[in-house]
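Counting starts at 1 for both ligands and their atoms, in listed order.
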Amino acid sequence: MHAWPASEVPALPGQGRDLRIHDTATGGSVPLDPGPVARIYVCGITPYDATHIGHAATYNAFDLVQRVWLDTKRQVHYVQNVTDVDDPLLERAHRDGIDWVALAEQQTALFREDMTALRMLPPQQYIGAVEAIPGIVPLVERLRDAGAAYELEGDIYFSVESDADFGKVSGLDAAAMRLLSAERGGDPDRPGKKNPLDPMLWMAAREGEPSWDGGSLGRGRPGWHIECVAIALDHLGMGFDVQGGGSDLVFPHHEMGASHAQVLTGEFPMAKAYVHAGMVALDGEKMSKSKGNLVFVSKLRRDGVDPAAIRLALLAHHYRSDWEWTDQVLQDAVARLGRWRAAVSRPDGPPAEALVEEIREALADDLDAPAALAAVDRWVARQDAEGGSDIGAPGVVSRAVDALLGVAL
Ligand code: 5CA
Ligand code: ZN
């Protein structure tokens, strides 16, 4: 699939800072030490009901990771998937009486538009589950041949007991895992499974549903976790720097992915850091497609909201916290954008080199975007109060906000 166009990232004076980030697997902040090409995989959308503010908040977090790396003069290799065939997508297409392929294409197109408007950097590879099938089938065959997968009425399951490291990403106990598995696409109560947590790797063709040739697996379609593993290993290889997603992906998705990869390669972990964004809520409940309490980026844009204000609203919350979308959040962001734009359009201001360092320092410390915004607010307030005679400063501020925060002033 094609991704979306990249916005320019201005180069900044001085030296970028290395990122420390919270890793779910170890439960602490870890220094990342990527090579000259930093590698990141971010779980993409299941293309229906996109792009809501929760999605946008999660992609904003991983956009910041890349901006910090780019500022250290590294290159970034970024891969993202699109889960363009899965139960919830098929169910939605069926409910609405539309073709599932058309639904996925239309929603993926809308997502690209939203990402472009929000100035999110595009992945170098943007890969759909369907196009990944030729790479998924041999992995499932290898897992089966290694004794880590078994068949149940034509479906192929992964055996979590084949991986001694199973549980290391989420650190959850079996009871908690079982609850989450039932909530998030698993089938712990299906009779005949070796372990209730075992996830499906390959689902045999069902009447009236799409299916593909799976070689020795028979016709069917891929499971969710192996999709991301196949795409990540194909394009990034083991031991890449960050795997990202929202906190609802910690279990089962990222746990199972790490486990598949561990059995396939004998290595753990697949990603050096498992990074998770908090959940955005609306009216007190997690914004989710199943509940339907959604605020869409495209709807806000149609209503005339500047995408830069949407982005500032996201940045006003630490990526790891759960937070609530309200009208006030948006109004505050619109007001801040207005103040910042007015400030950088003035002919001069107080020197801005220290501000660039403050933004760098805030982001390098587990992506503390709210601290970065506060630093810019302070510079703007000083310019208001004291003026300042540095004619280069407004340009430096504008470029730093663009390069490090993705906001065009
Ligand atoms: N296709 C899979 C990942 S392989 C998937 O989870 N798709 S999704 O469309 O449901 O979600 C896309 C991304 O948005 C995921 O990283 C998910 O964790 C994140 N996300 C979903 N809802 C929210 C929310 N309310 N707040 C923050 N992030 C969210
Ligand atoms: Zn994924």
Give me the residue, atom name and distance of the protein heavy atom closest to [atom].
atom	value
atom 2 (C) of ligand 1	G44 O, 3.3 Å
atom 25 (N) of ligand 1	M287 O, 2.8 Å
atom 16 (O) of ligand 1	G246 N, 3.0 Å
atom 4 (S) of ligand 1	W224 NE1, 3.1 Å
atom 22 (N) of ligand 1	H52 CE1, 3.4 Å
atom 26 (N) of ligand 1	V280 N, 2.9 Å
atom 11 (O) of ligand 1	H55 CD2, 3.7 Å
atom 13 (C) of ligand 1	Y59 OH, 3.4 Å

Atom [atom1] of [X]: over 12 foreign heavy atoms under 6.0 Å:
X	atom1	answer
K299	NZ	no
E267	CD	yes
D303	CG	yes

Tell me whether ligand 1 is touched by [X] - counting only heavy atoms on the residue side and a distance under 4.0 Å.
X	answer
E227	no
S288	no
G278	yes

Taking only heavy atoms of [X] into account, list the atoms of ligand 1 that are under 4.0 Å away from them.
X	answer
T83	1 (N), 2 (C), 4 (S)
K289	8 (S), 9 (O), 10 (O)
T58	16 (O), 19 (C), 27 (C), 28 (N), 29 (C)
L249	6 (O), 15 (C), 16 (O), 18 (O)
G245	16 (O)
C228	4 (S)
H253	4 (S)

Six-ring centre of F240, K272 cation under 6.0 angstrom, axis tolerance 45°: no

Ring geometry between F111 and W4 (parallel below 30°, tilted from 30 to 60°, perpendicular above 60°): perpendicular

From the candidates G54, A61, P47, the one that places a heavy atom nearest atom 29 (C) of ligand 1: G54

D33/R20 ion pair, N-O < 4.0 Å: no

Side-chain heavy-atom pair I226, L139 within 4.5 angstrom cut-off: yes

4.5 Å side-chain heavy-atom contact, I156 and M200: no

Region of D248 that comes within reach of ligand 1 [heavy atoms, distance under 4.0 Å]: side chain

Contact partition for N81 relative to ligand 1, non-hydrogen atoms under 4.0 Å: side chain

Under 2.8 Å: N/O/S of C228 next to the Zn ion (ligand 2): yes

Side-chain donor/acceptor of R74 to backbone N/O of P36, under 3.5 Å: no

Side-chain donor/acceptor of D63 to backbone N/O of M120, under 3.5 Å: no

Considering all heavy atoms, the nearest L121-Y78 contact: O-CE2, 3.4 Å

For L282 against M287, the heavy-atom pair lying closest together: CB-CE, 3.9 Å

Positive for side chain to side chain contact (heavy atoms under 4.5 Å, CB included) with Y157, one of D187, N195, L197: D187

NE2 (H253) to the Zn ion (ligand 2) to SG (C43) angle, given to the nearest 10 degrees: 110°

Pair S216-R144, side-chain donor/acceptor within less than 3.5 Å: yes

